[in-house]
Structures are given as structure tokens and as C-alpha cells.
Amino acid sequence: MVLQEMFRQARRSRIIVYDPAEGLQLPESVKGSHRPITDEERKHILAVAETHPSGLWVLTILYAGLRPGETAALLWKDIDFVHNEIHIHKAVESGTKVVKAPKTPAGVRDVPMCRELREKFLRCSGEPYAPVFPTRQGNVRSSSSLWRLWQSFANALDLHMGARVEDGEIVEHAIAKDLTPYCLRHTFCTDLQRAGVPINVAKELMGHANISVTANIYTHRDQGVLHENMAKLAAFRGEKNGNELPKSGAGSVASCGKKREKKPKPPCKSTTET
């Protein structure tokens, strides 16, 4: 789209007589093609992030759910250590170096920091108006610069995961082809789902204008979540029937509230599931 506009302006200014992008149609993207990272990928990503120069940037997307363009526009004054929040109010426009307000008002939000991310930010905090993730020259990164940041991390991750190398070149990759920075943001949302965070809260944290976008992620099949919620249903039915049911986790079969023969047992403290 950027090239199309460039050629269109060049034709209007009579720099060129023919617009080579006229009538060009972009291929349709697959809706909802982003995916959460696997447990194996998470293990390696966290390990590489500890030492790689792009590690903090990767963890900011994974632990706070920011869009890559939002991370590029972050200044240190946006990292609020007093209130333990990241203030998001602008982003680098895709395909450009332009910093502007988010596309929708929902993009303006304050995301609380988890302990791990806060500690890492504290160790490298800078001047209030300096970019959090600057270029070598200290400037705000463009979208292409962000992609190079990811490629550097992805290469290190590939090697860490066991890519085969010959003569200094990777000849057999271990990293998945569809792993992108947006998979990290997607994972933040699925982590919210697994933690039992209400979808309306997840919508605010993700900066989605429409809750249906959040719902597309929250409705992704996850066996662990299914088992946990069946356990909640079993516990609810057990309480209604006056029975105490054992906790069920992923991979176990939840009772459906059938009455069981009571056996003598020592008293125990009651717990409330939250």
C-alpha cells in the first residue's frame, strides 16, 4: 500500500508517466493466522531473551501484549514505575517511520507491568524522552528496523533450538516458519484466557476496539482450559449436592456431581477458588 501511494503521487507530480502499481491487488491474508507460541518455543524464547540484545523488546510484547509499532514509540517517560504501568498512547505506523496516535481510541491504554518485566526495565532505564528501544543512533525505530530486530533474535533462537549449521550457515532450521512477533502478542492474550481473566478485561489490555477480535483468540481450542472449566462445573455441582469433590486438572476426568459414599476423614480447612 505504501508503494502504491508512492507511485500514485509520482504520477500526479508527472515524475513518471505510467503508474506500475495501478490495478495491483494485494493477496488476501488469512484471518486469524497468528498463533500462540508452544511451551517448547516459550522455554527457548525466555532463555535467549536473557542474553540477547533484543531480549527486553521480545519480553515486552510477550509480557505486556504490545503491538510491535507500539513498542517502537515507547519513551522512558511512558514506563511508569510509580504506578507500575506502561502508558501506550502512540505507535509507529506500519511500513513507515511516522509516529502517530493509535488507529482507534482503544489503543490508548495503561498496561500493568508484571514483576519480571518491571525489574528488567529498572535495570536499564534511560532519560524520560529517550526511546526505550532505540536504534544505534538513539532514534525511534521504523517498522523495517523492528523487523531486523526480530530477525536477529529469531536467528539466535533458531540456533538455540538446534538448527543445523554448516560452514557458518544454517542449513536446517529448527524455528517454525510462522513464528513472528505477533505470535508473542497472541500468546499474551491466550495466557490471559488460561489465567481466567474475563474477556472484557483482556479486550482493554490488548487495546482491541471490538471485543469480537478478542473473542477470536479466546475461543481458540485449549484442552487445559476445557479441563479446568469442567473441574469448576464439577465443583459447583458438588457444592449444590453437599459433596466435597477432589480438584481436577488438565488430563483428568472431572466428576459430574454424582453422590459418592462418604468416608470418615480428618477435618481440613476449606479453600475458596478464585
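Fair warning: this is a prediction, and the values are worked out from it, not measured in the lab.
Residue Cys183 holds its SG atom at 11.0 Å from CG of Leu62, rounded to the nearest 0.5 Å. For the atom pair CG (Asp78) and CD1 (Ile86), the distance works out to 9.5 Å, reported to the nearest 0.5 Å. Once rounded to the nearest 0.5 Å, the distance linking NZ of Lys97 with CG of Asn139 reads 8.0 Å. Between Ile37 atom CD1 and Phe188 atom CZ the span is 13.0 Å, to the nearest 0.5 Å. Taken from OG1 in Thr214 to CD in Glu204, the straight-line distance is 8.5 Å, to the nearest 0.5 Å. Once rounded to the nearest 0.5 Å, the distance linking CG of Leu205 with NZ of Lys203 reads 10.5 Å.
Residue Leu159 is not grouped with residue Leu179 when hydrophobic side chains (ILVMFWY) are merged at heavy-atom distances under 4.5 angstrom, including chains of intermediate members. Grouping the Ile, Leu, Val, Met, Phe, Trp and Tyr side chains by contacts below 4.5 angstrom, directly or via other members, places Val213 apart from Ile88. No continuous path of ILVMFWY side-chain contacts below 4.5 Å connects Val92 to Tyr182, so the two sit in separate hydrophobic clusters. Leu149 and Leu75 end up in different hydrophobic clusters when Ile, Leu, Val, Met, Phe, Trp and Tyr side chains are linked at under 4.5 Å. At a threshold of 4.5 Å between side-chain heavy atoms, the hydrophobic network of Ile, Leu, Val, Met, Phe, Trp and Tyr places Val98 and Leu66 in two separate groups.
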Could you check Lys120 against Glu50 for side-chain contact (heavy atoms from CB on, under 4.5 Å), going step by step and ending with a plain yes or no?
CA-CA 10 Å; Lys120 290 182 183 300; Glu50 285 298 314; 3.1 Å; yes

Determine, stepwise, if the pair Trp76 / Phe121 fulfils ring-ring contact (aromatic ring centres under 6.0 Å, His included).
CA-CA 9 Å; Trp76 278 109; Phe121 276 138; 5.8 Å; yes

Could you give me the CA-CA distance, side-chain angles and deciding distance for Glu85 and Arg109, then say whether salt bridge (Lys or Arg N to Asp or Glu O under 4.0 Å) is met?
CA-CA 10 Å; Glu85 295 175 340; Arg109 62 200 190 278; over 6 Å; no

After noting the C-alpha distance and the side-chain angles of His87 and Asp110, does the key distance pass the side-chain hydrogen bond (donor to acceptor under 3.5 Å, both in side chains) rule?
CA-CA 5 Å; His87 302 306; Asp110 301 318; 2.6 Å; yes

Stepwise, does the side-chain contact (heavy atoms from CB on, under 4.5 Å) test hold for Val171 with Val165?
CA-CA 6 Å; Val171 294; Val165 179; over 6 Å; no

Apply salt bridge (Lys or Arg N to Asp or Glu O under 4.0 Å) to the pair Arg35 and Glu41, showing each step before the final yes or no.
CA-CA 12 Å; Arg35 62 167 179 85; Glu41 286 172 334; 2.8 Å; yes

Go through the steps for Arg42 and Glu40 under the test salt bridge (Lys or Arg N to Asp or Glu O under 4.0 Å), then give the verdict.
CA-CA 5 Å; Arg42 188 192 297 258; Glu40 184 70 12; over 6 Å; no

side-chain contact (heavy atoms from CB on, under 4.5 Å) for Asn155 and Gln151? Distances and angles first, verdict last.
CA-CA 6 Å; Asn155 185 68; Gln151 286 298 310; over 6 Å; no

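No side-chain heavy atom of Val197 sits under 4.5 Å from any side-chain heavy atom of Asp191. When side chains are defined from C-beta on, Pro181 counts as touching Trp147, because their heavy atoms get closer than 4.5 Å. Contact annotation: the side chain of Trp57 approaches that of Trp150 to within less than 4.5 Å [non-hydrogen atoms, C-beta and beyond]. Using a 4.5 Å heavy-atom cutoff, the side chains of Leu59 and Leu184 are not in contact. Residues Asn84 and Asp80 fail the side-chain proximity criterion, which asks for heavy atoms closer than 4.5 Å. The shortest distance between side-chain heavy atoms of Leu192 and Ile217 does not fall below 4.5 Å. Using a 4.5 Å cut-off on side-chain heavy atoms (C-beta onward), Phe133 and Leu56 make contact. Under the 4.5 Å side-chain criterion, counting only non-hydrogen atoms from C-beta, Leu117 is in contact with Cys114.
When all heavy atoms are compared, the tightest approach of Ile199 to Ala215 is CD1-CA, 3.6 Å. Taking all atoms of both residues into account, the shortest heavy-atom contact from Pro36 to Thr187 is CA-OG1, 3.3 Å. Here the closest heavy-atom approach between residue Gly162 and residue Ala174 is recorded as C-CB, 3.9 Å. Of all non-hydrogen atoms in Ala72 and Val140, the two that sit nearest each other are O-CG1, 3.4 Å. For Tyr218 against Cys189, the heavy-atom pair with the smallest separation is CE1-O, 3.6 Å.
Looking at Ser152, its side chain never comes within 3.5 Å of a backbone N or O of Arg148 through a donor-acceptor pair. The main-chain N or O of Gly207 is found under 3.5 Å from a side-chain atom of Arg67 such that the two form a donor-acceptor pair. Remark: side-chain polar atoms of Asp158 are paired, donor with acceptor, to backbone N or O of Ile175 under 3.5 angstrom. A donor-acceptor pair under 3.5 Å links the side-chain atoms of His52 to the main chain of Ser54, judged by distance alone. Of the possible polar contacts, none joining the Arg118 side chain to the Glu116 backbone as a donor-acceptor pair under 3.5 Å is found. With hydrogens and angles ignored, the 3.5 Å screen pairs no side-chain donor or acceptor of Ser143 with any backbone N or O of Ser94. Checked by atom type and distance alone, the side chain of Arg185 pairs as donor or acceptor with a backbone atom of Met206 at under 3.5 Å. Side-chain atoms of Ser142 come within 3.5 Å of backbone atoms of Ser145 as a donor-acceptor pair (strictly under, hydrogens ignored). Listed for the Asp167 side chain is no donor-acceptor partner under 3.5 Å among the backbone atoms of Glu169.
Each of Thr60, Thr180, Leu146 was checked for a side chain to side chain contact (heavy atoms under 4.5 Å, CB included) with Pro68, and the lone residue meeting it is Leu146.
Environment of NZ in Lys103: sparse, with no more than 12 heavy atoms of neighbouring residues, nucleotides or ligands closer than 6.0 Å. A 6.0 Å sphere centred on CD of Glu127 holds no more than 12 heavy atoms belonging to other residues, nucleotides or ligands. Heavy-atom contacts from other residues, nucleotides or ligands closer than 6.0 Å to CG of Asp39 number 12 or fewer.
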